[in-house]
Amino acid sequence: MVKTQTYTLNMGPQHPSTHGVLQVVLELDGERVVKAVPHMGYLHRGIEKLAESRTYTQFIPYTDRLDYVSSMGNNLGYCQTVEKLMGISVPERAEYLRVIMTELNRIASHLLFMSSLAIDLGATTGMMYGFRDREYVLDLFNMVCGARLTYNYIRIGGVIEDIPPEFLPATEKFLADFPAMLTEYHNLLTGNEILYHRLKNTAVIDAKQAFEIGLTGPCLRASGIDYDIRKIEPYGVYDRFDFNVPLGQNGDNWDRYMVRMDEMVESAKIITQAIAQLPDGPVMAKVPKILKPPAGDVYHRIENPRGELGYYIVSDGTTKPYRTHVRRPSFINLQALGEVCKGILIADVVAVLATLDPLMGEVDC
Amino acid sequence: MSSQLLSNEAISSLQAQFPGAVSMIGEGSQQALLIDADGLLAIMGVLKNDAAYQFNMLSNLTAVDYLDYFELVYHLYSLPLGHTVTIKTRCQAETPRVSSVMGIWPSADFQEREVYDLLGVNFTGHLDLRRILMPDDFMEYPLRKGYKLPAPGERRS
């Protein structure tokens, strides 16, 4: 008598398309996924615990290692949280520099998303283009802080150093070249029939489901929900810029891809405006060498490329925080994986992972 | 439109609905509602579903070890009404146990597992309460204040 049964396939933690060390245990019925259970923790370094034995300033480099492809955003979120707790106001020029850096970082991060999506679906050339152009952004960061990935540039009270004279011309050149780069990507990837059919109408998350899972960032906006912290709770000087929040309609893989592609355009718009408005002046507020925030707790959130990044800090009035918690968007977005993978083909699991874009440094804090 | 803290009238009406179970602590951006742990689910249900609150997003969930007790912290956001609120509730330190809010906001799943994993707070009603970051056979709760980090070079099995 013929009998069928499901079988288990282990994907990861050493798997090129899990973007780090994520393990997914797949229960399969032929080529269809019955159940997908993510297992994380392979990169868990106990950053929240380490924070309790570091001073407030010493913790900034640790934030670099959370979402390590958008470290500027992590720096910004943490520093703004401590500033909110202590009531420090940041000089205008530093606020604008922060915006320029985080938006450049958003572009770099989304380029990496595009590249990894391309190679996960077998488009090796597409990956090369994204990585080539991301390098220009990393060169810009190298100019301002000497690091390509872990910047430690945004500090409590401002930014560590003013930009060098060659930074603005180089950024303007990048912005001038950027539309042509985008056209290239769209010709190569967006207009590619194979990519379109792999992504369109696969792994649909409707608005209600996206909300229940707790998605934030581009993944939520791809389902058509207008939720962008830069708009609903403008931090820094974000209320001074004119930009749109790209939204998707279906919440499928394709929308998650397109939303990010469109966000890069908006980021470039913000940077252009920030450069035009960039005032002169100091880049660092007068901040005491030893920080002793008053006892209390504070929660602050910003819009990182992967979603809502929140920091919750409890101070007991000493030089070290009593408790630091990081609300990492990738961690919570990963809840979608199990839901979305039900019933899809095994080959599409890779596409779902790519468009949800979890980053394990952040998932495993 | 910038988001607002939950208005005082809304808080008063919540307090009237649940007499004695909701108290306000902190000021300004540190303002929070301290809720009696027994009434947590009922109050959270009202906060999510009542037209006056509509907190449809559980933005953040975490806990803090205060030695004598654990404090659970929930940051809620209402997309339709654009307001935020911080909810706190406490449970005793010996056998920490709180009702799970997973039935109200399914997105609490991973965050409650994280709190369970790192602080050892049990969530009644959570459907799949397993360790999430630490290995399954790990015996301690690293974010508790009593947990000592291993000395350099010292290994733990």
Side-chain angles (χ1 to χ4, degrees), chain A residues 37-46 48-50 52-53 84-85 87 208-216 220 225-227 229 231-235 239 294-301 308 310-312 314 316 322-328 331-336 338-339 363-365, chain B residues 1-4 25-32 56-67 71 73-79 82-84 86 88 102 104-111 113-115 117-119 128 130-136 138 141-145 147-150:
Chain A
V37 182
H39 290 265
M40 46 281 224
Y42 291 92
L43 204 62
H44 179 58
R45 293 143 294 176
E48 290 181 4
K49 183 73 177 176
L50 289 167
E52 292 172 13
S53 54
K84 194 168 167 184
L85 188 61
K208 184 172 172 287
Q209 204 184 6
F211 234 92
E212 282 186 353
I213 295 167
L215 287 178
T216 47
L220 182 63
I225 295 171
D226 191 356
Y227 179 77
I229 318 267
K231 288 280 189 195
I232 61 162
E233 219 173 88
Y235 49 91
D239 46 354
D297 62 338
V298 67
Y299 180 68
H300 180 70
R301 50 190 189 157
E308 172 182 337
Y311 286 90
Y312 177 68
V314 182
D316 55 359
Y322 187 77
R323 170 96 165 91
T324 303
H325 172 72
V326 193
R327 184 246 192 246
R328 296 100 62 199
F331 177 68
I332 294 163
N333 286 357
L334 203 54
Q335 293 184 126
E339 282 298 311
V363 173
D364 290 347
C365 189
Chain B
M1 183 192 76
S2 185
S3 68
Q4 306 284 321
I25 51 172
E27 285 174 357
S29 64
Q30 300 187 10
Q31 180 193 314
N56 52 359
M57 275 187 103
L58 174 69
S59 176
N60 179 47
L61 188 168
T62 189
V64 188
D65 177 7
Y66 285 109
L67 299 174
E71 188 169 83
V73 187
Y74 306 80
H75 292 98
L76 309 181
Y77 178 70
S78 159
L79 193 65
H83 55 207
T84 64
T86 307
K88 293 180 178 178
M102 204 177 155
I104 302 169
W105 295 282
S107 60
D109 182 7
F110 277 16
Q111 304 191 70
R113 276 178 67 188
E114 190 190 22
V115 171
D117 186 8
L118 302 177
L119 283 145
D128 186 24
R130 289 179 289 127
R131 284 195 177 268
I132 192 161
L133 294 175
M134 304 302 287
D136 288 337
F138 196 76
Y141 302 107
L143 275 182
R144 284 192 180 176
K145 289 288 167 185
Y147 177 84
K148 288 280 170 279
L149 286 172

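First the proteins, then the strands, lettered A, B, ... as listed; each starts at 1.
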Contacting moiety of A:Val37, where chain B heavy atoms sit under 4.5 Å = side chain

inquiry  = Please classify the contact between A:Arg45 and chain B as side chain, backbone, both or neither, with a heavy-atom cut-off of under 4.5 Å.
reply    = neither

query = Which one of A:Leu50, A:Ile332, A:Ile225, A:Asp226 has the most heavy-atom pairs closer than 4.5 Å to chain B?
reply = A:Ile332

Value rounded to 0.5 Å, distance of CG in B:Asp109 from CD1 in B:Ile132 = 7.0 Å

Heavy-atom pairs under 4.5 Å with chain A, option from B:Gln4, B:Gln111, B:Arg130 with the top count = B:Gln111

inquiry  = More than 12 heavy atoms of other residues, nucleotides or ligands under 6.0 Å from NZ of B:Lys145: yes or no?
reply    = yes

remark   = Okay, B:Leu118 and chain A: the region with an atom under 4.5 Å from a heavy atom over there is side chain

remark   = dist A:Arg327:CZ -> A:Arg301:CZ (nearest 0.5 Å) comes out at 8.5 Å

inquiry  = Which atoms of B:Arg144 are under 4.5 Å from chain A, going by heavy atoms: the side chain, the backbone, both sets, or neither?
reply    = backbone

key: Mutual orientation of the aromatic rings belonging to B:Tyr147 and B:Phe138 [parallel < 30°, tilted 30-60°, perpendicular > 60°]   = tilted

inquiry  = Can you tell me which of B:Thr86, B:Leu58, B:Leu61, B:Val73 forms the most heavy-atom pairs within a distance under 4.5 Å of chain A?
reply    = B:Val73

Salt bridge (charged side-chain N to carboxylate O under 4.0 Å, His left out) between B:Glu71 and A:Arg323, intermediate numbers included = CA-CA 12 Å; B:Glu71 188 169 83; A:Arg323 170 96 165 91; over 6 Å; no

request  = Check whether any side-chain heavy atom of A:Tyr227 lies under 4.5 Å from a side-chain heavy atom of B:Tyr77, and answer yes or no.
outcome  = yes

key: Check: B:Leu119 main-chain N/O paired with B:Asp65 side-chain donor or acceptor under 3.5 Å   = no

message = For chain B, which candidate among A:Glu48, A:Gln335, A:His44, A:Glu212 shows the most heavy-atom pairs at distances under 4.5 Å?
response = A:Gln335

ask   = Under a 4.5 Å heavy-atom cutoff, which of A:Glu308, A:Met40, A:His300 has the most pairs with chain B?
value = A:Met40

message = Can you tell me which portion of A:Tyr42 sits under 4.5 Å from chain B's heavy atoms? Options are side chain, backbone, both or neither.
response = neither

request  = Take the angle between the ring planes of A:Tyr312 and A:Tyr299 and call it parallel below 30°, perpendicular above 60°, tilted in between.
outcome  = tilted

task = Against chain A, label B:Ala63 side chain, backbone, both or neither, depending on which of its atoms sit under 4.5 Å from a heavy atom there.
result = backbone

